[in-house]
Amino acid sequence: MNRSRPAAAEFPPFYAGYVAGVPDVDIVTVMRDEGRALASALGAIPEARGGYRYADGKWSIRTLIGHMIDAERIFTYRLLRVARGDATPLPGFAENDYAETAASDARTIASLAAEMETVRESSVQLLDSLPEDAWMRRGTVNGNAVTVRALAYITAGHAKHHLAVLRDRYGM
């Protein structure tokens with residue numbers, strides 16, 4: 001099935017860790033299940049901890065969640081474009097610039113968690129709507145060839161990675 005783990009040739013090596021961190025099962029199921037885990041984990045973060053940074057120069061918990069939201073939107077936008085057969089090369093994004101201008105630290109953890117939950121549900125709906133032949137379409141992102149299914153795995157793996165960061169480095 002085209003919704004299973006992508007081959008290494010379907011994505012840039014930079015994303016190998018994200019892809020490897022995702023179970024090799026139907027990615028729509030993974031995204032749906034991970035969405036529930038995300039909502040639970042983010043909803044359990046005390047508001048008073050939102051500004052915590054585990055080291056100087058590192059993002060706060062709120063900024064990290066804002067980054068997760070932005071990245072998921074960007075990854076699934078890329079996925080949509082490639083799935084629809086758009087051959088336009090897509091640019092990368094400057095994650096630190098996005099994080100700096102998002103003003104996530106002015107928001108509550110609850111509002112960020114709610115937005116992440118909504119964004120993830122939208123991602124699941126998009127993935128679930130794709131026709132079978134869309135999953136293997138290739139596009140160019142940040143100068144690299146990538147398939148739709150690889151973008152789905154990258155999206156899931158990115159969120160999974162940052163949940164581990166929240167647990168391991170932020171003590172959440």
Side-chain angles (χ1 to χ4, degrees), residues 3 5 11 14-83 90 92-130 141-142 148-172:
R3 292 170 20 164
R5 181 179 310 285
F11 55 89
F14 171 80
Y15 292 113
Y18 291 164
V19 173
V22 178
D24 188 10
V25 296
D26 177 72
I27 190 61
V28 178
T29 301
V30 169
M31 291 282 286
R32 188 176 286 118
D33 292 348
E34 187 182 77
R36 287 190 280 275
L38 269 168
S40 176
L42 298 181
I45 299 171
E47 209 55 62
R49 296 268 296 155
Y52 174 74
R53 299 166 192 270
Y54 69 87
D56 286 340
K58 296 298 182 182
W59 291 341
S60 70
I61 291 173
R62 285 188 198 99
T63 300
L64 179 64
I65 298 168
H67 164 71
M68 291 171 68
I69 293 165
D70 285 350
E72 182 135 342
R73 283 190 167 124
I74 289 167
F75 292 151
T76 55
Y77 171 73
R78 291 168 173 172
L79 185 149
L80 172 67
R81 300 264 313 257
V82 175
L90 302 170
F93 78 105
E95 64 187 43
N96 289 315
D97 292 345
Y98 275 57
E100 187 177 315
T101 59
S104 296
D105 278 327
R107 297 179 59 189
T108 64
I109 293 287
S111 74
L112 290 161
E115 184 177 355
M116 183 72 239
E117 187 173 6
T118 300
V119 169
R120 175 50 63 98
E121 179 56 30
S122 176
S123 299
V124 168
Q125 293 294 322
L126 170 62
L127 294 174
D128 207 28
S129 75
L130 295 177
V141 175
N142 201 21
V148 169
R149 76 174 174 176
L151 286 164
Y153 268 76
I154 290 165
T155 303
H158 181 265
K160 193 174 194 66
H161 163 77
H162 283 299
L163 275 179
V165 169
L166 280 168
R167 181 187 64 243
D168 299 341
R169 295 187 185 156
Y170 291 86
M172 303 282 50

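Legend: side-chain hydrogen bond (donor to acceptor under 3.5 Å, both in side chains) pairs involving residues 163-172, not counting sequence neighbours, sorted by first then second residue: Tyr54-Arg169. Sorted by first then second residue, the ring pair (Phe, Tyr, Trp, His ring centres under 6.0 Å) pairs that include residues 92-116, not counting sequence neighbours, are Phe93-Tyr98.
Here Met68 contributes atom CE and Met116 contributes atom CE; the two are 5.5 Å apart, rounded to the nearest 0.5 Å. Taking CG of Leu42 as the reference point, atom CD1 of Ile109 lies at 8.0 Å (rounded to 0.5 Å). With values rounded to the nearest 0.5 angstrom, Thr101 atom OG1 is found 10.5 Å from Asn96 atom CG. Annotation: the span from Leu163 atom CG to Ile65 atom CD1 amounts to 9.5 Å, rounded to 0.5 Å. Separation of atoms CD1 (Ile154) and OG1 (Thr76) is listed at 12.5 Å; rounding is to 0.5 Å. In this structure, CG on Leu126 lies 5.5 Å from CG on Leu80, to the nearest 0.5 angstrom.
Across every non-hydrogen atom of Ala152 and Met31, the tightest pair is O-SD, 4.2 Å. Minimum interatomic distance between Ala156 and Val30 (heavy atoms only, all atoms of both residues): CB-CG1, 4.3 Å. The minimum heavy-atom distance linking Pro46 with Met172 is given by the pair CD-CE, 4.1 Å. The heavy-atom pair separating Asp128 from Val28 by the smallest distance is OD1-CG1, 3.8 Å. Taking every heavy atom of both residues into account, Asp105 and Gly50 meet most closely at OD1-O, 4.2 Å. Here the shortest heavy-atom pairing between Asp70 and Ala102 reads OD2-CB, 4.3 Å.
For the pair Leu64/Tyr52, no side-chain contact is recorded, criterion being any heavy-atom separation below 4.5 Å from C-beta on. Arg49 is not listed as a side-chain neighbour of Ser60, based on a closest heavy-atom distance of 4.5 Å or more. Taking 4.5 Å as the limit, every side-chain heavy atom of Ile61 sits out of range of all side-chain heavy atoms of Leu112.
Using cut-offs of 30° and 60° for the angle between ring planes, the Tyr18 and Phe14 rings count as perpendicular. Between His162 and His158, the ring planes lie perpendicular to each other; the angle is over 60°, past the 30° to 60° tilted range.
Scored by the side-chain hydrogen bond (donor to acceptor under 3.5 Å, both in side chains) test, Glu100 finds no partners at all (sequence neighbours excluded). With sequence neighbours excluded, no residue forms a side-chain hydrogen bond (donor to acceptor under 3.5 Å, both in side chains) with Arg32. Every residue meeting the salt bridge (charged side-chain N to carboxylate O under 4.0 Å, His left out) condition with Arg120, not counting sequence neighbours, appears here in chain and number order: Glu34, Glu72. Scanning for side chain to side chain contact (heavy atoms under 4.5 Å, CB included) contacts around Ala20 gives an empty result, with sequence neighbours left out. Residues forming a salt bridge (charged side-chain N to carboxylate O under 4.0 Å, His left out) with Arg107 (at least two apart in sequence, or on another chain): Glu115. Under the side-chain hydrogen bond (donor to acceptor under 3.5 Å, both in side chains) criterion, Ser104 pairs with no residue at all, not counting sequence neighbours. By the side chain to side chain contact (heavy atoms under 4.5 Å, CB included) test, Thr108 is found to be paired with Glu47, Ala110, Ser111, residues two or more places apart in sequence or in another chain being considered. The side chain to side chain contact (heavy atoms under 4.5 Å, CB included) check on Tyr77 picks up Arg81, with sequence neighbours excluded. Partners of Thr29 by side chain to side chain contact (heavy atoms under 4.5 Å, CB included), not counting sequence neighbours, listed by chain and number: Asp26, Asp33. With sequence neighbours excluded, the residues that form a side-chain hydrogen bond (donor to acceptor under 3.5 Å, both in side chains) with Glu121 are Gln125.
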Run the side chain to side chain contact (heavy atoms under 4.5 Å, CB included) check on Ile27 and Thr155 step by step: do they pass? CA-CA 10 Å; Ile27 190 61; Thr155 303; over 6 Å; no
Between Asn142 and Leu90, does the side chain to side chain contact (heavy atoms under 4.5 Å, CB included) criterion hold? Intermediate values first, please. CA-CA 6 Å; Asn142 201 21; Leu90 302 170; over 6 Å; no
List the steps, then state whether side chain to side chain contact (heavy atoms under 4.5 Å, CB included) holds for Ile45 with Arg62. CA-CA 10 Å; Ile45 299 171; Arg62 285 188 198 99; over 6 Å; no
Glu117 vs Leu38, side chain to side chain contact (heavy atoms under 4.5 Å, CB included): CA-CA, chis, key distance, verdict: CA-CA 7 Å; Glu117 187 173 6; Leu38 269 168; over 6 Å; no
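At least one donor-acceptor pair under 3.5 Å links the side chain of Thr118 to the backbone N or O of Ala114.
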